[in-house]
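Here's the structure we're looking at; comments come further down.
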Amino acid sequence: MRDITHISSVDEDSSGQKIRMAGWIQDVRNLGGIAFIIMREREGVFQVTAIKKNDPELFEKIVNVPRESVTTVDGTVQENEEVINGFELIAESFELISEAGTPLPLGVIDKVGADLDTRLNNRFLDLRKEKVLALFKLRDIMERAMRGFFTGNGFLEVHTPKIVAAGAEGGATLFPLKYFDSEAYLAQSPQLYKQILMSAGFERVYEIAPAYRAEASDTVRHIAEFISVDAEMSFIESSEDVMDLCERLVYHVLKAIEEEGSPSLELWPVDLVLPKLPLRRVTHEECVGYLSGLGKGTDPEGGMDTEGEKLVGKWIQEEHGEDFYFITEFPTSVVGKTFYAMRKADDPELTGYFDLGCRGLEIVSGGQREHRYDVLTKQMEENDLDFEEFEFYLKAFRYGMPPHGGFGLGAERLLQTVLDIKNIRECVLFPRDRARLVP
Ligand code: AMO
């Protein structure tokens, strides 16, 4: 490794010391006799100062390096309160390691924002922006907090196959794939496998992994590849146990972002209000009743459409000043394709299924599963599912399956809502959608 000093290692004791720093030349301000060069590295930006009379040749060279080129600079640290980080590096020599072409296809510090498509087409440059990097640092905090939460609650991290023979969330959004001599699919969810693991006695599992959906429509909340945060646990009494776990997870993540998010959060100034637990529970029936009163937001199956979900989020915010809430007791007719959902013993028209919403965006869905073989197969029959295709799953229910439940949380959706981002694609390094397969 080259001996390189990062910003955080420079302090009062560094003053007068000779060090080498490395990074991308972000901007050059040439005042004639002195030039201020703003360089960027993974911890942020720092200033290199070149003084013409010290070394006219070096001065000429460094001020003419194209922006975004990679260089190392050797120099002496000088304290300067006026400068970002409180120090500048007085350049003594530098090496141009990789010269950037001109013009840049996307400006890294331009004040005028490029449209999202141009940004995503040139993502390697877009990701050089401080604010964009900050988002991925916050995402890292979020995912680490999730792992910490699950481990702390006795969950085992697992990895289930992403090349599968059967879908769990309905055929319409399956991506088919040629698999040697047969047809396979990309997994829409680890659903069937996390349930099989309950029969194996793992009792509490979680997975943070990609899930794939061939979504028909192009929206700001759907992508074809997202990170699904899945949990499943056994010996629950009802969906309430699952909601309890889910809200504690979300709270834990928000707290971690609040506590560890600085300085990235300074670039994402959001109103992070920790919700009070337990979160508000509103039944699906109450939501549909409210929307019917407005005369909009419902769909012909008795569910809510996207506008309805947004209106419910607004309603809860206006009535109670709360961002997060559960929509509970989804009707059997609405969960429909979710053949594995347990129906209420006293009212088979209802399930214990829930969604966790935040300001009108669905972040999580989950609930108690049907673990009784005869009831499960009956529900599969109603959904016209091919038993043979699901035999690998059904088998696990014939030899001892505890009551269980769990949820799936969209990682990008949670980040999107916490940072108040309009388009979910911003939360993914290299997003996939109907129109985008590269970069
Ligand atoms: P569901 O299909 O509701 O449930 O998905 C769970 C969560 O995943 C996120 N999500 C998406 N995020 C971005 N783009 C998409 N195309 C997309 N599709 C889904 C959402 C959603 O709430 N097996 C069940 C979960 C369970 O019951 O355990 C399932 O997959 O945030």
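Just so it is clear, the values below take in all heavy atoms, side chains as well, and ignore hydrogens, waters and symmetry mates. Just so you know, ligand 1 is whichever comes first in the structure, and atom 1 is the first atom listed for that ligand. In this chain, residues are counted from 1 in sequence order.
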Next on the checklist: Under a plain distance cut-off of 3.5 Å, with no hydrogens placed, do T377 and E381 share a side-chain donor-acceptor pair?
Outcome noted: no

Checklist entry - So, do Y185 and Y212 sit near enough that their side-chain heavy atoms are less than 4.5 Å apart? => result no

Checklist entry - Just heavy atoms, cut-off under 4.0 Å: does F407 contact ligand 1 by side chain, backbone, both, or neither? => result backbone

Checklist entry - Tell me, which protein residue and heavy-atom name are nearest atom 2 (O) of ligand 1, and how many Å apart are they? => result R213 NH1, 2.9 Å

Checklist entry - Near K194, which atoms of ligand 1 are under 4.0 Å from a heavy atom of that residue? => result 28 (O)

Checklist entry - What about the rings of Y353 and F330, do their centers lie closer together than 6.0 Å? => result no

Next on the checklist: Any heavy-atom pair between the side chains of H284 and D355 that's under 4.5 Å?
Outcome noted: no

Checklist entry - Would T118 and N121 count as a side-chain hydrogen bond (donor to acceptor under 3.5 Å, both in side chains) if you check the C-alpha gap in whole Å, the side-chain angles of each, and the deciding distance to 0.1 Å? => result CA-CA 5 Å; T118 310; N121 287 341; 5.6 Å; no

Checklist outcome for this item: for atom 20 (C) of ligand 1, nearest protein heavy atom and its distance come out as R413 NH1, 3.7 Å

Checklist entry - How does E215 reach ligand 1, if at all, at less than 4.0 Å between non-hydrogen atoms: by side chain, backbone, both, or neither? => result side chain

Item to check | Closest protein heavy atom (residue, atom, distance) for atom 4 (O) of ligand 1 | outcome: S365 OG, 3.1 Å

Checklist entry - Parallel, tilted or perpendicular: which fits the ring planes of F149 and H252, with parallel below 30° and perpendicular above 60°? => result tilted

Checklist entry - Parallel, tilted or perpendicular for Y393 and F390, by the 30°/60° rule? => result perpendicular

Checklist entry - Looking at atom 7 (C) of ligand 1, what's its closest protein heavy atom, distance included? => result G408 O, 3.6 Å

Checklist outcome for this item: Counting heavy atoms under 4.0 Å, the part of E169 that contacts ligand 1 is side chain

Item to check | Modelled atom types, side-chain donor and acceptor of Y340 and R369, under 3.5 Å | outcome: no

Checklist entry - Which atoms of ligand 1 sit under 4.0 Å from any heavy atom of G410? => result 7 (C), 8 (O), 9 (C), 31 (O)

Next on the checklist: Under 4.0 Å from a heavy atom of G366: which atoms of ligand 1 are those, numbered in the order shown and with their elements?
Outcome noted: 27 (O)

Checklist entry - Of the backbone atoms (N, CA, C, O) and the side-chain heavy atoms from C-beta on, which set of T338 has a member under 4.0 Å from an atom of ligand 1: side chain, backbone, both, or neither? => result neither

Checklist entry - With a cut-off of 6.0 Å (strictly less than), are more than 12 heavy atoms of other residues, nucleotides or ligands near NZ of K131? => result yes

Checklist entry - Between V364 and ligand 1, which residue portion shows a heavy-atom distance shorter than 4.0 Å: side chain, backbone, both, or neither? => result backbone

Checklist entry - Do the side chains of E68 and R40 get nearer than 4.5 Å, heavy atoms only? => result yes

Next on the checklist: Given Y340, F226, Y353, identify the one with the heavy atom nearest to atom 19 (C) of ligand 1.
Outcome noted: F226

Item to check | R221 contact mode with ligand 1 (heavy-atom cut-off under 4.0 Å) | outcome: backbone

Checklist entry - Can you tell me the protein heavy atom closest to atom 31 (O) of ligand 1 and the distance? => result I363 O, 2.7 Å

Item to check | Closest approach of any protein heavy atom to atom 14 (N) of ligand 1, naming residue and atom | outcome: I223 N, 3.1 Å

Checklist entry - Do Q379 and L385 come close enough that some side-chain heavy atom pair is under 4.5 Å? => result no

Item to check | Intermediate values then yes/no, ring-ring contact (aromatic ring centres under 6.0 Å, His included), Y373 and Y399 | outcome: CA-CA 10 Å; Y373 183 79; Y399 302 95; 9.1 Å; no

Item to check | atom 27 (O) of ligand 1: the protein heavy-atom neighbour that sits closest, reported with distance to 0.1 Å | outcome: R369 NH1, 2.8 Å

Next on the checklist: With respect to Q191, determine whether any N or O atom, backbone or side chain, lies less than 3.5 Å from an N or O atom of ligand 1.
Outcome noted: yes

Item to check | Numbered atoms of ligand 1 (with element) below 4.0 Å of I424, judged on heavy atoms | outcome: 13 (C)

Checklist entry - Tell me: protein heavy atom nearest atom 22 (O) of ligand 1, and distance? => result E362 OE2, 2.5 Å

Next on the checklist: Test of understanding: given a 4.0 Å heavy-atom threshold, classify the contact between S189 and ligand 1 as side chain, backbone, both, or neither.
Outcome noted: side chain

Checklist entry - Does I421 reach the side chain of L415, with side-chain heavy atoms less than 4.5 Å apart? => result no

